[in-house]
Amino acid sequence: MSEAPGPETSPKRHFIHQIIDEHIAHGRWGTPGDRSVVRTRFPPEPNGYLHIGHAKSITLNHGLAVEYGGAFILRFDDTNPEKEEQEFVDSITRDVAWMGGAWEGDVRFASDYFHQMYDWAVELIRKGFAYVDEQSAEQIRAGRGTLTEAGTDSPFRDRPVDDSVDLFARMKAGEFADGSKVLRAKVDMASPNLNLRDPVMYRIVNARHHRTGDEWHIYPMYDWAHGLEDSIEGITNSICTLEFENHRPLYDWFIAAINDGRGPGSEWGKAIHHPQQTEFARLNPTFVITSKRKLKQLVDEKHVEGWDDPRMPTISALRRRGYTPEAIRAFCTEIGTTKFNASHDYGLLENAVRDDLNKRAPRRMCVLRPLKVTITNWGEHGDADRVEWMEAVNNPEDDAAGTRQIPFGGTLSIERADFMEDAPKKFFRLKPGGEVRLRYGYWITCNEVIKDGDEVVELRCTYDPQTRGGDAPPPDAEGNVRKVKGTIHWVATSHAVPIEVRLYDRLFTAERPGKATGNPIDDLNPESLEVVERALLEPNWRTTDAEKAVGTGAFRDGIERFQFERLGYFCVDEKLTPDQAGDRPVFNRAVTLKDSWAKQAGK
RNA sequence: AGGGGAUUGGUGUAAUCGGUAGCACGACUGAUUCUGGUUCAGUUAGUUGGGGUUCGAGUCCCUAAUCCCCUGCCA
């Protein structure tokens, strides 16, 4: 279980708020004005991994419950034994908790309600609202008609009630083969809404269920089961995606059918709770696919390393990637809740991640592609082998995060990309004859470029002892202050820790993967992963107690995340980082920093 | 003989009873900066089309267009 969400999910009023506000004002669920009656749920089917689209649903449903002071429930809609597995129950439970979707009480399962659903189904048969149909699946399909033509009644539609009750009981007892009979609701075969043309309520499936085992031989269909699950749990607002809009009349019909004839003194008992179904548009990010089938193809064909490969849009992948649940929720809130089939700029998610991590991630210095820098005058101002410890700010956004010590010596490593032999005018970093600040270190001037063929292999530089800590030197006799335009990151080679860094980029190069050819594989980004096997990280990189104490670096999921200065946000990969000392930890790049130089250089 | 839903700058999203079309992201300027980050200031750009009602329409009426969903014993 996790804590309540932070202010990032603070309400942004949308149409569902308005619906709920009205219900509360009119007292639809109880005393007018009582906001705490609001109950929502997240009802995943345990047949796969959760993805970013589900995050929107979790954020919405959980957020509403929190905002109104009501309750949020996690319920598995496990009505199909052939597709569902315990493994998915476990991963989904973990993901919802990680997302901050704290639920009330125990996790619920639709399968726990099977007996109650069965009793209600018998009640519907007795009331003349349902019948056992012995037609084949093909016959039922043919009898349903088409979009423009009415369907035809099943020959079993008007069979005696007792026949249906008896057959239904025997279906339940396991007397019949899969597919040989179904229980159908008697609604309207001529309805323009196909969902109302005598929908199937139960089918025979002689399969082992991951929770109920061999107890059942019949399983309820979504339309029959879902509203009942909501009703049993006292859900007030059953929120789902747009494609279920056409199902709402059926959702309401089933509950109305159960309530038909119920009331004070009725043989059937009291009326049952009738939730309000409301539909919203699903999340639709650019550069992402969420189709379960296509994601599976990526895994099966080894285009990615698994369901939690940090390039995948699954929650478990985003977690490994270093995204925070707070950022994901902020994104889901930011894009709003409407009925419009929108397209959501993936950059907005990346931005939410930057936004969150800029405030919270401790800073460290890491050199991805080292270039050797020798300080030629290091021995002129003290012992040539000495190491000076410099003070570096842990998080400029949060002074309370404190500082740390980083070593500086005569041999350093800087980023290859921070040096250019033939630099354009606006290149502010190191170039022959140029001066640059080593952040929290000294100012250095490049005097000599050592090359092996075309490759630059070493820079020989002098440092200015008056710039210790990176500060500007004192003004000269005329009062002029020397300035330097660029500041770059670095590590002392002797003390640096070698690490493996995985630079992830978007999995697809097309905004709508597969749009051009029909196959998303064609739009795969060949550069979505670059493994840097030996990057160099400053030695005292572990999150400090001071950082944890003030919130910076204290991520409640326990994942260590950092900003590697000037590079981006990274996290320790829990899965690939070995426990044994001596092996290189693996860091994943969540997202780069914004880079206005790259933008300008690309022009 | 179909039914249901939707349409506001490049993107997303607001606008109480019909009364100044606002916010965020992006893009572009500039300032600040020991991260080409952050922050700050500014610029850019919109009511799907056509009619109508009205002093006044994103909002009401008529009409057209476009997009999404629906013919599983999946959810």
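Chain A is the first sequence line, chain B the second, and so forth, proteins listed ahead of strands; every chain is numbered from 1.
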- Message: Side chains of A/R566 and A/T487 only: does a donor on one sit below 3.5 Å from an acceptor on the other?
- Response: no
- Task: Using a cut-off of strictly less than 4.0 Å, decide whether A/K599 has a side-chain nitrogen or oxygen near OP1 or OP2 of B/A27.
- Result: yes
- Query: Of A/A190 and A/L438, whose nearest nucleotide on RNA chain B comes first from the 5' end?
  - Reply: A/A190
- Proximal nucleotide (of B/C70, B/G37, B/U35) relative to the A/E397 side chain: B/G37
- Query: Is A/F340 stacked on the base of B/A6, meaning ring centres closer than 5.5 Å and planes within 30 degrees of each other?
  - Reply: no
- Message: Without decimals, in angstroms, what is the distance between A/N358 CG and B/G37 P?
- Response: 11 Å
- Note on the structure: Contacts of A/Q18 and A/P44 projected onto RNA chain B by closest heavy atom; the upstream (5') one is A/Q18
- Note on the structure: Mate of B/C17 across any strand shown (Watson-Crick or G-U wobble, both atom pairs under 3.5 Å) is none
- Check A/P424 against A/W597 and note the closest heavy-atom contact, atom names and distance. CG-CH2, 4.2 Å
- Message: Does A/Y219 reach a base, just sugar-phosphate, or nothing at all? Heavy atoms under 4.0 Å.
- Response: nothing
- Item | Base orientation of B/C17, syn vs anti, 90° cut from 0 | syn
- Task: Provide the Watson-Crick or G-U wobble partner of B/U71, both distances under 3.5 Å; none if there is no partner.
- Result: none
- Task: May I ask you to check whether A/S57 and A/N61 show a side-chain donor-acceptor distance below 3.5 Å?
- Result: yes
- Given B/C28, is OP1 or OP2 found less than 4.0 Å from the side-chain N or O atoms of A/Q600? no
- Checking all strands, does A/T79 fall into the base, sugar-phosphate, or nothing category for heavy-atom contacts under 4.0 angstrom? sugar-phosphate
- Whole-Å distance separating the CZ atom of A/R13 from the P atom of B/C23: 21 Å
- Message: Within the 4.0 Å heavy-atom criterion, would you say A/P285 contacts the bases, only the backbone, or no part of the nucleic acid?
- Response: nothing
- Expressed in whole Å, how much space separates the C1' atoms belonging to B/A24 and B/G4? 32 Å
- Let me know the distance between CG of A/D398 and P of B/U38, rounded to the nearest Å. 18 Å
- Message: Looking only at side-chain N and O atoms, does A/R248 offer a donor or acceptor that is under 3.5 Å from a partner on A/N195?
- Response: no
- Message: What I want to check is whether an N or O donor and acceptor connect the side chain of A/N80 with the base of B/C74 at under 3.5 Å.
- Response: no
- Message: Using the P atom as the point on both nucleotides, what is the distance between B/A6 and B/A31, in whole Å?
- Response: 48 Å
- Note on the structure: With syn meaning chi within 90° of zero and anything else anti, the base of B/G52 is anti
- Message: What's the gap between B/G19 and B/A75 when it is taken at their C1' atoms, as a whole Å value?
- Response: 47 Å
- Query: Which part of the nucleic acid, if any, lies within reach of A/D77 when heavy atoms closer than 4.0 Å are counted: base, sugar-phosphate only, or nothing?
  - Reply: sugar-phosphate
- Task: Could you work out which one of B/A6, B/U35, B/G4 sits closest to the side chain of A/E565?
- Result: B/U35
- Side-chain donor-acceptor pair under 3.5 Å between A/Y440 and A/Q405, yes or no? no
- Item | Sugar-phosphate, base or nothing in reach of A/Y202, heavy atoms under 4.0 Å | nothing
- Query: Got a salt bridge between A/R75 and A/D230, using NZ or NE/NH1/NH2 to carboxylate O under 4.0 Å?
  - Reply: yes
- Message: Under 4.0 Å from OP1 or OP2 of B/G72: is there any side-chain N or O of A/R141 that close?
- Response: yes
- Task: Could you check how far CZ of A/R282 sits from P of B/A75, rounded to whole Å?
- Result: 16 Å
- Message: Taking pairing as Watson-Crick or G-U wobble with both contacts under 3.5 Å, can you name the mate of B/C40, or confirm there isn't one?
- Response: B/G30
- In whole Å, what is the span from the CZ atom of A/R364 to the P atom of B/G37? 22 Å
- Item | Nucleotide of B/G12, B/C69, B/C73 approaching A/I335 most closely (side-chain heavy atoms) | B/G12
- Message: Can you see whether A/N193 engages A/N246 through a side-chain donor-acceptor pair at a distance of less than 3.5 angstrom?
- Response: no
- Message: Of the options B/A75, B/G36, B/U11, whose atoms approach the side-chain atoms of A/Y222 most closely?
- Response: B/A75
- Query: When the C1' atoms of B/C17 and B/C60 are considered, how many whole Å apart are they?
  - Reply: 12 Å
- Message: Below the 4.0 Å mark, does B/G72 have OP1 or OP2 next to a side-chain nitrogen or oxygen of A/R184?
- Response: no
- Whole-angstrom distance between B/U33 and B/C40, as gauged at atom P: 16 Å
- Take atom P in B/C62 and the same atom in B/A45, then report the distance between them in whole Å. 35 Å
- Message: Pairing donors with acceptors under 3.5 angstrom, does anything connect the side chains of A/R468 and A/Y442?
- Response: yes
- Task: Tell me what A/D471 touches on the nucleic acid: a base, only sugar-phosphate, or nothing, going by heavy atoms under 4.0 Å.
- Result: base
- Message: Taking B/G46 as the reference, what is the distance to B/U13 when you measure between their C1' atoms (whole Å, please)?
- Response: 12 Å
- Between P of B/A27 and CG of A/D345, the distance in whole Å: 10 Å
- Item | d(CE, A/M171; C1', B/C73) in whole Å | 9 Å
- Using only side-chain N and O atoms of A/N351, determine if any of them is under 4.0 Å from OP1 or OP2 of B/G26. yes
- A/S596 side chain N/O closer than 4.0 Å to the phosphate oxygens (OP1, OP2) of B/G37? yes
- Name the nucleic acid region contacted by A/L348, choosing base, sugar-phosphate or nothing; use a 4.0 angstrom heavy-atom cut-off, strictly under. sugar-phosphate
- Counting heavy atoms from C-beta on, name the nucleotide in B/G37, B/C25, B/C74 closest to the side chain of A/M221. B/C74
- Taking N and O atoms by type only, does the side chain of A/N246 place a donor or acceptor under 3.5 Å from a partner on the base of B/G5? no
- Message: The side chain of A/T148 is closest to which nucleotide in this list: B/A1, B/G3, B/U35?
- Response: B/A1
- Watson-Crick or G-U wobble partner of B/G49, both distances under 3.5 Å: B/U63
- Indicate whether OP1 or OP2 belonging to B/U13 is found under 4.0 Å from a side-chain N or O atom of A/T338. yes
- Under 4.0 angstrom between A/K594 side-chain N/O and B/U38 OP1 or OP2: yes
- Task: If B/C23 has a Watson-Crick or G-U wobble mate with both distances under 3.5 Å, name it; if not, just say none.
- Result: B/G12
- Task: Just call it for A/V200: base, sugar-phosphate, or nothing, with non-hydrogen atoms closer than 4.0 Å on any strand.
- Result: sugar-phosphate
- Task: Looking at every strand, decide which applies to A/G179 at a 4.0 Å heavy-atom threshold: base, sugar-phosphate, or nothing.
- Result: base
- Ignoring backbone atoms, establish whether A/R566 has a side-chain N or O less than 4.0 Å from OP1 or OP2 of B/G36. yes
- Query: Just by modelled atom types, is the A/G470 backbone N or O under 3.5 Å from a matching donor or acceptor in the A/W443 side chain?
  - Reply: yes
- Query: Atom CG of A/L593 and atom P of B/U39: how far apart are they, to the nearest Å?
  - Reply: 11 Å
- Task: Give a yes/no answer on whether the side chain of A/R144 brings an N or O atom under 4.0 Å of OP1 or OP2 in B/C73.
- Result: yes
- Query: When the P atoms of B/U16 and B/G58 are considered, how many whole Å apart are they?
  - Reply: 12 Å
- Task: Would you mind classifying the nucleic acid contact of A/H247 as base, sugar-phosphate or nothing, using non-hydrogen atoms under 4.0 angstrom?
- Result: base
- Message: Less than 4.0 angstrom from a charged side-chain N to a carboxylate O is my criterion; do A/R363 and A/E538 meet it?
- Response: no
